[in-house]
Amino acid sequence: MLPYIFVVLALGLRFAFKPVAFTSVSAALLYFGARASRKNAWIAWVLCAAADVVLTTIVYSYPLTWDQLFTWRGMRWRSAWACC
């Protein structure tokens, strides 16, 4: 349960404080990958990708482009393979 709380808390901080967003999300994904089950890694990935879409399109008013897929792939790798 704690890895899920850390991911949600990190995403909340991402919306609240812009300068510390990268560190908290990365740390939460690493903790999630180390402590949560690999079959549930998609939950953290979908939450982070959805938050990224909302921040990009609504908060920053930028268009959503294809290069976002590389960012999401990196988030998926960190959350799923952190324990190895």
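Along the sequence shown, residues carry numbers from 1.
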J.: Could you tell me whether the side chain of D52 reaches within less than 4.5 Å of the side chain of R14, counting heavy atoms only?
T.: yes

J.: Are any of the side-chain heavy atoms of Y60 and L55 separated by less than 4.5 Å?
T.: yes

J.: Just how far is it from atom CZ of R35 to atom CG of L30, taken to the nearest 0.5 Å?
T.: 12.0 Å

J.: With side chains defined as the heavy atoms from C-beta onward, is the minimum distance between L29 and F6 less than 4.5 Å?
T.: no

J.: Do L9 and V54 share a hydrophobic cluster, counting only Ile, Leu, Val, Met, Phe, Trp and Tyr and linking them when any side-chain heavy atoms are less than 4.5 Å apart?
T.: no

J.: What is the minimum heavy-atom distance between L11 and C48, and which atoms define it?
T.: CD2-SG, 3.9 Å

J.: Heavy atoms only: give me the nearest S24-A10 pair and the separation to one decimal.
T.: O-CB, 3.4 Å

J.: Quick one, Y31 and L2 - any side-chain contact, counting heavy atoms below 4.5 Å?
T.: yes

J.: Would you say I5 ends up clustered with F15 if hydrophobic residues are merged whenever their side chains have heavy atoms under 4.5 Å apart, either directly or through other cluster members?
T.: no

